[in-house]
Asks: 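This is the structure I want to talk about, given as C-alpha cells.
The residues of the chain are indexed from 1 along the displayed sequence. All ligand and atom numbering here is 1-based and tracks the order in the structure.
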Amino acid sequence: MTSNPSGKLELLPAVDVRDGQAVRLVHGESGTETSYGSPLEAALAWQRAGAEWLHLVDLDAAFGTGDNRELIAGVAERMKELHIKVELSGGIRDDASLAAALATGCTRVNLGTAALETPEWVAKVIAEHGDKIAVGLDVRGTTLRGRGWTRDGGDLYETLERLNKEGCARYVVTDIAKDGTLQGPNLELLRNVCAATDRPVVASGGVSSLDDLRAIAELVPLGVEGSIVGKALYAKAFTLEEALEAVAK
Ligand SMILES: O=C(O)c1ccccc1N[C@@H]1O[C@H](COP(=O)(O)O)[C@@H](O)[C@H]1O
C-alpha cells in the first residue's frame, strides 16, 4: 500500500538526548554513548541542512534514569517556530508525560514501552489523539523490547495485529540489532511489517549510506513513509543535503 502521496521517502534526522547532550548509542545500549554536544545546535544544523522532520528522543526518560524534559521542550518549541515537524519519543507512558509531550507542539509522539505494558491506556490515547500517536516497534528478531530496550515485551506480529485493530495510525520500526551500527537497514523486517499493516511505517536502524536510503525508498510503494537517520549523519558518512537529494523524486 502507498501511504505517502508524494511518493517521496521522508527523512527524520535523529537527536537523542542523554544527560543534556546529543548522543548516539550502539544497539541502544546504555554506556555506549558518543556525545555530539548541544541537542539544540544539532537540531538547528539539521534544520539548516533542509530537514522537514526531527526525531527527538529523551533517552534518560526511556531508560528511567531521569529526563531531559525542559531541554527537549525547548528544542521542540524552537523547531515548531522554524516549521520543522517533530516526532517526540522516550518516556511517554502515562497521561502526564503524554500531556507534557503534546504541549511542546510536537507533530506526533512515539510510544514504546507503554504499548507493551499498558495496552488499555495506549488504545485510549490512540482513540483520543489519532495520528498524533505513533507506536515504536523496537525489535530484536521478532521480539519487542521496552524499558530502554532492556526487557522483552511480546511478539511483534501479535502486537501489530492488536494495534491495527485499535486504530494505531503509524509505526516506527527499529531493528535494535542494527541501530547505531552503520550495518544497513533490515529491509526484510520492513517488508514483513508492511505486509502486516496498512498503516505507514517509519524505518529506523542501520542506515549507513545513500544506497541504504535509496533501498528504503524502494519500499515506499509497500507503505514505508520515512526513515530515521542517526549515526550516519553524525559520523559524516553523508550530509543531510545529499540524503535529501538521494530520495527526492
Ligand atoms: O533511540 C534509541 O537509541 C533508544 C535506545 C534505547 C531505548 C530507547 C530508544 N529510543 C526511543 O525511545 C522510545 C521508547 O521510549 P519508551 O519506551 O516509550 O519510554 C522508542 O520509541 C525509541 O524511539
Asks: Pull out every atom of ligand 1 sitting under 4.0 Å from any heavy atom of H55, numbered as shown with elements.
Replies: 23 (O)
Asks: With a 4.0 Å cut-off on heavy atoms, is R24 in contact with ligand 1?
Replies: no
Asks: Which heavy atom of the protein is the closest neighbour of atom 23 (O) of ligand 1, given with residue, atom name and distance?
Replies: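 That would be S89 OG, 3.3 Å.
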Asks: For the CD atom on E161, are there more than 12 heavy atoms of other groups (residues, nucleotides or ligands in this structure) within a distance under 6.0 Å?
Replies: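 Open.
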Asks: Inspect the surroundings of CD in E70 and state if more than 12 heavy atoms from other residues, nucleotides or ligands are less than 6.0 Å away.
Replies: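 Not buried by this count: 12 neighbours or fewer within 6.0 Å.
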Asks: Measure from atom 17 (O) of ligand 1 to every heavy atom in T113, V23, T174 and give the option owning the shortest one.
Replies: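 The option holding the nearest heavy atom is T113.
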Asks: For the residue pair L54 and V75, establish whether any side-chain heavy-atom pair is separated by less than 4.5 Å.
Replies: yes
Asks: Using a 4.0 Å cutoff against the non-hydrogen atoms of R93, which atoms of ligand 1 qualify?
Replies: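 Atoms satisfying the 4.0 Å criterion: 16 (P), 17 (O), 19 (O).
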Asks: Is R147 close to ligand 1, meaning an N/O of one under 3.5 Å from an N/O of the other?
Replies: no
Asks: Using a 4.0 Å cutoff against the non-hydrogen atoms of G28, which atoms of ligand 1 qualify?
Replies: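 Answer for ligand 1: 5 (C), 6 (C).
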Asks: Can you list the ligand 1 atoms lying under 4.0 Å from a non-hydrogen atom of A62?
Replies: 8 (C), 12 (O), 15 (O), 19 (O)
Asks: Any idea which atoms of ligand 1 are less than 4.0 Å away from a heavy-atom of L59?
Replies: 2 (C), 4 (C), 5 (C), 9 (C)
Asks: Starting from atom 15 (O) of ligand 1, which protein heavy atom do you reach first, and at what distance in Å?
Replies: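 Checking every protein heavy atom, the shortest distance to atom 15 (O) of ligand 1 gives G90 CA, 3.5 Å.
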Asks: Using non-hydrogen atoms of the residue, decide whether G148 is closer than 4.0 angstrom to ligand 1.
Replies: yes
Asks: Please could you name the atoms of ligand 1 that N110 approaches to less than 4.0 Å, counting only its heavy atoms?
Replies: 21 (O), 23 (O)
Asks: Check whether more than 12 heavy atoms from other residues, nucleotides or ligands sit under 6.0 Å from atom CZ of R151, and answer yes or no.
Replies: no
Asks: Return the closest protein heavy atom for atom 22 (C) of ligand 1 as residue, atom name and distance.
Replies: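 In this structure, atom 22 (C) of ligand 1 has D138 OD2, 4.0 Å as its nearest protein heavy atom.
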Asks: Does atom CG of D19 have more than 12 heavy-atom neighbours from other groups under 6.0 Å away?
Replies: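 Not buried by this count: 12 neighbours or fewer within 6.0 Å.
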Asks: Under a 4.0 Å threshold between the charged nitrogen and the carboxylate oxygen, would R78 count as salt-bridged to E81?
Replies: yes
Asks: Closer than 4.0 Å to some heavy atom of F63 - which atoms of ligand 1 meet that?
Replies: 6 (C)
Asks: Which distance, rounded to the nearest 0.5 Å, do you find between the CG of L210 and the CG of L244?
Replies: 10.5 Å
Asks: For V172, what are the other residues in its hydrophobic cluster, where any two members join if their side-chain heavy atoms are less than 4.5 angstrom apart?
Replies: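 Same cluster as V172: L12, W53, V202, I228.
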Asks: Quick one: does W149 get an N or O within less than 3.5 Å of an N or O on ligand 1?
Replies: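 N/O-N/O distance below 3.5 Å does not exist for this pair.
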Asks: Of the protein's non-hydrogen atoms, which lies at the shortest distance from atom 10 (N) of ligand 1, and what is that distance?
Replies: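 Ranked first by proximity to atom 10 (N) of ligand 1 is V57 CG1, 3.7 Å.
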Asks: Just to verify, which of N192, L144, T197 counts as forming a side-chain contact (heavy atoms from CB on, under 4.5 Å) with Y157?
Replies: N192
Asks: What are the atoms of ligand 1, with element, lying closer than 4.0 Å to any heavy atom of D16?
Replies: 1 (O), 2 (C), 3 (O)
Asks: Taking atom CD as the centre, does E245 end up with more than 12 heavy-atom neighbours from other residues, nucleotides or ligands that are less than 6.0 angstrom away?
Replies: no
Asks: Verify the neighbour count for atom NZ of K80: are there more than 12 heavy atoms of other residues, nucleotides or ligands below 6.0 Å?
Replies: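 For K80, atom NZ is not crowded (no more than 12 foreign heavy atoms under 6.0 Å).
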Asks: Does atom CD of E188 have more than 12 heavy-atom neighbours from other groups under 6.0 Å away?
Replies: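 No, because the 6.0 Å sphere around CD of E188 holds 12 heavy atoms or fewer from other groups.
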Asks: Got an N/O contact under 3.5 Å between G112 and ligand 1?
Replies: yes
Asks: N/O to N/O below 3.5 Å, does that happen between G91 and ligand 1?
Replies: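 Between G91 and ligand 1 (N or O atoms, distance only) the closest approach is under 3.5 Å.
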